[in-house]
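Written below as structure tokens is the structure these notes are about.
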Amino acid sequence: MTAVAAKGETTSLDAVIIGAGISGMYMLHRLRGLGLKARVYEAGSDVGGTWFWNRYPGARVDIESQEYSYSFSEELEREWKWSERYAAQPEILRYLNHVADRFDLRPDIQFDTRIASAHFDEAAGRWTVRTEAGETIDAKFCIAATGCLSVPNEPNFKGQETFKGPTYHTGRWPHEGVDFTGKRVAVIGTGSSAIQSIPQIAKQASQVYVFQRTPNYSVPAHNAPIDTAVAQAWLANRDENRQLQKMSTAGFLFSNPREEMATQVGDNERRKVFEERWAQGGFAVGASFADLAVDPAANAMIAEFAAEKIREIVKDPKVAEKLTPKDYPFGTKRLCVDTGYYEVFNRDNVQLIDLKETPLDTITPTGVKTTGAEFEVDAIVFAIGFDAMTGALSKIDIQGRGGQTLNQAWAEGPKSYLGIMVAGFPNFFTITGPGSPSVLSNMIVSIEQHVDWLHDLLAFMGQYGLATIEASPESQTAWVEHVNEAASKTLYPYANSWYLGANVPGKPRVFMPYIGGVGAYRTLCDAVAANGYMGFKLRPAA
Ligand code: N01
């Protein structure tokens, strides 16, 4: 256990880990295994990261529970029993607390501590990290486990400060919960968080107004208590399943697209596959055919199929029409997975307001005014998303060689080598950083891959007495080009998505995650390591 330093004192460590979510916890566990002195600094009051903060009603994972869990410990996997096919936030948070206790992680996690700055001291070859409370940490390695969706997109609506009732952000939900019984509620936004929470809010509220700027595609989860036979089958083939995940397209078993092209099979066959995958629930439908994400004609087929489903469910044809995305390809904004989302618009107490038709004008003391009407409400829920992928890092004053800040280095959008290091920032690592598969994958699988790779790197550096590692500018440039090229071969750049930073005014428009696939990316990272960390500069101790 590392002692907490008082204000003005300096703690000396091998590694500072920023964030005690899924990645920070596992990183700590692995570095302890190397005998390194590591400590996690966490702004929240407990472990869990995204699952600590996102407590809005209906929050649940949209990868099947057994797939969205750590794989590093077979014992852990065998002793934990998930109750639902898609676990809800409280159960996932219980699981992460269990992991923290089982591996005795808490003694090396400092809660309620926000990191303010991290400066690389070139002479010492070490990082000087400062907390907002004034504590100083001196460490050889600085590891950002800050998450991809951890900084809420702050509401900035005209007149919002005048609103007299309570407001909530889905990404910072009150721990004690919110009772909407009998209340009139405005929900602004229709991304995953809104799509999960609206059906739950509508059960309590007297009236829900849903303010939609862009409709999203959503697939039913078909959530249910976990099927015992399915859970047993998963465990019986655990090693094989975990290997399949690791080498898959997006880190879960059904993410590998089928080899056939939607445009090359007959209408009946295509429909049969779409129906099967839709009935299966979740993301499987997005991998129905190999060409959906790359060929506009194929994409139009799945888009029309999804539109039919919306029309089947939503009774009012005008509402169904408004809920149907029209101006971007299917799946190029993060696909949502829902429980009763489209159905909720058949309720008398739910009304959809299309902000494309009547833009949001102002928030008044008593409600939300669009150019068409004013809606009186008792509470407002902002489900407006996150400053994704770069948000958390941009809030820390990170300075590398020559005092260059990370924000300067990323002024045109994030640049990295393999999404894990940035040229000019030695011994600084970004777990699931921009330029890696991260948000396009099952996050736990990608987190474990990065953490394991970093574990091996730090072991290697220890073995050979190396002081620093740094991405070379050339390898970074080549990787950024490769990341952009991979995205440009798909339809993803055609959507105004948070993958591109399009949801945050002024953010550079760059496709941030790597779309080359989890398995291919892992193979590449392994090859880089096997070749003496090709593309990185390693320096011995002076
Ligand atoms: O955020 P979002 P989210 N005026 O950015 C709208 C993960 N996640 O919190 O599309 C009006 O998707 C915005 O409209 P537009 C998952 O990766 C996972 O829902 O920009 N509207 C959009 O409709 C997900 O993708 C899970 O035109 C405004 C919405 O707000 C990611 O987190 C669950 C607006 C924001 O949608 C983010 O999801 C939940 C404005 N000024 C989230 N600004 C699970 O795994 C924004 N909007 C289950």
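Each ligand, and each atom within it, is numbered from 1 in the order the structure gives.
Near Gln196, meaning under 4.0 Å from any of its heavy atoms, are these atoms of ligand 1: 33 (C), 48 (C). Shown in contact with Phe157 at under 4.0 Å from a heavy atom are these atoms of ligand 1, numbered in order with element: 4 (N), 40 (C), 41 (N). Of all atoms in ligand 1, numbered sequentially from 1 with element shown, those under 4.0 Å from a heavy atom of Leu149 are 7 (C), 17 (O), 31 (C), 32 (O). Remark: ligand 1 atoms within the under-4.0 Å shell around heavy atoms of Gly189 are 6 (C), 23 (O), 29 (C), 30 (O).
Remark: ligand 1 and Ser192 share an N or O pair separated by less than 3.5 Å (distance only, no angle test). Among the atoms of Lys333, some N or O lies under 3.5 angstrom from an N or O of ligand 1. For ligand 1, the polar-atom distance check against Trp498 finds a nitrogen or oxygen pair separated by under 3.5 Å. Of the polar atoms of Arg213, at least one N or O is found under 3.5 Å from an N or O of ligand 1, judged by distance alone. Distances between N or O atoms of Asn496 and those of ligand 1 include no value under 3.5 Å.
Across Trp51, Tyr56, Phe211, heavy-atom proximity to atom 33 (C) of ligand 1 is greatest for Tyr56. Comparing Ile188, Asn503, Thr190 by heavy-atom distance to atom 11 (C) of ligand 1, the nearest is Ile188. Summarising the contacts of atom 12 (O) of ligand 1 with Gly58, Pro155, Ala88, Gly191, the nearest heavy atom is found in Gly191.
Judged by the shortest distance from any of its heavy atoms, Tyr328 lies outside the 4.0 Å radius around the atoms of ligand 1. A heavy-atom separation below 4.0 Å is not found between Gln212 and ligand 1. Contact between Asp62 and ligand 1 is present, with at least one heavy atom of the residue lying under 4.0 Å from the ligand. The shortest heavy-atom distance from Leu360 to ligand 1 is not under 4.0 Å.
The pair Arg114-Glu42 fails the salt-bridge criterion, with no side-chain N (NZ, NE, NH1 or NH2) lying under 4.0 Å from an Asp/Glu carboxylate O. For the pair Lys369 and Glu376, the salt-bridge criterion is not met [side-chain N within less than 4.0 Å of a carboxylate O]. The pair Arg311-Glu321 does not count as a salt bridge, with every side-chain nitrogen at least 4.0 angstrom from each carboxylate oxygen. Arg102 and Glu79 are joined by a salt bridge, as a carboxylate oxygen and a charged side-chain nitrogen come within less than 4.0 angstrom of each other. One finds a salt bridge joining Asp361 and Lys158 here, because a Lys/Arg side-chain nitrogen approaches an Asp/Glu carboxylate oxygen to under 4.0 Å.
The nearest protein atom to atom 27 (O) of ligand 1, hydrogens excluded, is given as Thr214 OG1, 2.5 Å; this is a heavy-atom distance. Closest to atom 29 (C) of ligand 1 among all protein heavy atoms lies Ala383 O, 3.3 Å. Closest protein heavy atom to atom 3 (P) of ligand 1: Ser193 OG, 3.3 Å.
Summarising the geometry, atom CD1 belonging to Ile380 is positioned 4.0 Å from atom CZ belonging to Phe163; distances are rounded to the nearest 0.5 Å.
Between His450 and Tyr521, the ring planes lie tilted relative to each other; the angle falls in the 30° to 60° range.
Proximity of a side-chain donor or acceptor of Asn442 to a complementary backbone N or O of Glu67 within less than 3.5 Å is detected.
Residues Tyr341 and Asp338 share a closest heavy-atom pair of N-OD2, 2.9 Å.
Within a 6.0 Å radius of NZ in Lys356, other residues, nucleotides and ligands contribute more than 12 heavy atoms.
Listed by chain and number, the residues in a salt bridge (Lys or Arg N to Asp or Glu O under 4.0 Å) with Arg60 are Glu84 (sequence neighbours excluded).
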